[in-house]
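All heavy atoms count here, side chains included; hydrogens, waters and symmetry mates do not.
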Amino acid sequence: MKNEQMMVVENKTIAAKTHELTLSGPLVDAIDQPGTFLHVAVPGDDLVLRRPISIAAVDQDVGTCTIVYKEMGVGTGRLARSRAGDQLEMLGPLGEQGFPVEKPQVGEDVLLIGGGVGVPPLYYAACELVKRGVTVSVILGFQTAAAIFYEREFHELPGCDVRVMTDDGSNGHPGTVVDALNERPSPPDWLFSCGPRGMLRAIETHAAHPKTNGYVSLEERMGCGIGACFACVCETGDGSSYRKICREGPVFAFKEVVL
Amino acid sequence: MMEKEPRLQVTLPGLTMKNPVMPASGCFAFGREYAELFDLSELGAVAIKGTTGEARFGNPTPRVAETSSGMLNAIGLQNPGAQAVRDEELPFLAGYDVPVLANVSGSTPEEYVEVVQTLTDAPNVGAFELNISCPNVKEGGIQFGTDPDAAAALTAAVKQVSTKPVYVKLSPNVTDVNAIALALAVEAAGADGLSLINTLLGMRIDAHTGKPILANEKGGLSGPAVKPVALRMIHDVRQVTNLPIIGMGGIQSAEDVIEFLFAGADAVAIGTANFTNPFVCPTIIRELPSWLDYLAMESVGDLRQQGVNI
């Protein structure tokens, strides 16, 4: 975990209100697991909370990492206006439990399901899996055609099978990621997912097969981002304890926590 | 490790502080996470997370929401319980050269007494801070913090079992008259110091759904937005008592600390700003000497003296 000023290399709009920010700085050296995130300080003194944004890609050779975020309000709006050469303060990488990309073996059925801005950490996971020779299938869910991003990037990964779903049917297949999941002939060996809580809940329910090793990445409003403030806790699946999403997550195995 | 600055030292009941800066209760847990970022021995003290008799899970999420120059929280006093704090958290903090201000909460006076009994002989607990003003729990907390008689009775009960000095953390969710009455009531009951302010009760609503953002609907407002309220209350309470005051509410910078000391605080606690900048406490401590130079003051105590006279 480091806190440092990172330099904006590029900031571009990749879909409706969705932006991809590429950053450089020594902090990149510490990024080694898909699912981890950066806690981004918004420029200006009036916004007191940092924004947790998951890491979409890392390029250790050139020393950059990429984050993707949706413009939701004043804070993300300010991030969207940052330009190449600007400095942004980042704390990270945060989260001790990311997607276990080292576990799936070549030849196993690995399925990644992303919804909206839940897609970016799965792209990082897919890149790491492909690097190990593991091929992946991807289901991407968006509300509408204008919201779609990273479809081409996934297609460009060797052996990657991509299926895009839109709620309104304006692009790809009409329906939800759960509809696509249900159409698959057999349960996957590995399933990694990130997206809205309701989507994750549905996936955990529909993919609860003994053969499937399932993992979900959770989002929550955070205070400190490092485990001190107890803002982003969730109950463990057996109801006996709790986990801090920022610290002990953000990725959890199916049933590890209550979704 | 920072150099020791004698000019920054503050001696309060139970708390011999290298400097007047501590993280505020609830914003720093028990220090483990921030210890990964800087040496906790640099701090004047550490105010630990509000501790209850048994472990508490707290409120449903979302528990935080951002506001204009501030934030709302409704954590709901999540903590591992007094015995676990005694056995697991205080020994960790004992590894650092920093006194602990143990924040105590409860649903009943008996629970406050129980927590204090459990923690009072822990060697690194310098003093207690009674949280009688948490707006985020249904039972306990604020009900003790708005009634001077109840606050005084609770203070007296805790003083009977405590071997350490007791500070009482006052709420801003009262009238001016009541704030003064509360301060005087707990002083008469034996309080060794005061902490003020706790958070202001607030609310935000999601404009897209019409529903409150916090699962608890309402929460405690903190951050720079509350700073003027905190300064006003510290100033007003300072006019009626000489008890030591730990001031807090929206402090983000060394300049803010100077304001609080001028208003009559003896030391300060920093809460929300730790989330904005995890290094805010050591940064402020480093900047304080140049503020003393600028003001031609020998020590932080001089500022407090000046403050009494305004």
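With a 4.5 Å cut-off on non-hydrogen atoms, Asn277(B) touches chain A through its backbone and its side chain both. The contact between Phe279(B) and chain A is made entirely by side chain atoms (from C-beta outward), counting heavy-atom distances below 4.5 Å. Leu49(A) touches chain B through backbone and side chain together, each having a heavy atom under 4.5 Å away. When heavy atoms are compared at a cutoff of 4.5 Å, Arg197(A) does not approach chain B at all. There is no contact between Val74(A) and chain B, counting heavy-atom distances below 4.5 Å.
At a threshold of 4.0 Å, the pair Lys244(A)-Glu33(B) counts as salt-bridged, since one of the basic side-chain nitrogens sits closer than that to a carboxylate oxygen. Salt bridge present: Glu89(B) and Arg32(B) bring a charged side-chain N and a carboxylate O closer than 4.0 Å. Comment: Arg81(A) does not engage Asp86(A) in a salt bridge, judged by the lack of any side-chain N to carboxylate O separation of less than 4.0 angstrom.
Relative orientation of the His39(A) and Phe37(A) rings is perpendicular, given thresholds of 30° and 60° on the angle between their planes. In this structure, Phe28(B) and Tyr34(B) have parallel ring planes: the angle between them is below the 30° cut-off, well short of the 60° mark.
Leu40(B) contributes atom CG, which lies 14.0 Å from atom CE of Met22(B) (distance to the nearest 0.5 angstrom).
Both tests pass for Lys49(B) against the ring of Phe230(A): distance under 6.0 Å to the centre and angle within 45° of the axis.
Each of Gly223(B), Ala225(B), Gly70(B) has some count of heavy-atom pairs under 4.5 Å with chain A, and the biggest count is that of Gly70(B). Per-residue counts of heavy-atom pairs under 4.5 Å with chain B were compared for Glu89(A), Lys2(A), Glu220(A), Met222(A); the largest is that of Glu220(A). Considering only heavy-atom pairs separated by less than 4.5 Å from chain B, the leading option among Val42(A), Asp45(A), Ile226(A) is Ile226(A). Listed options Glu66(B), Gln252(B), Arg63(B) were ranked by heavy-atom pairs under 4.5 angstrom with chain A; first place goes to Glu66(B).
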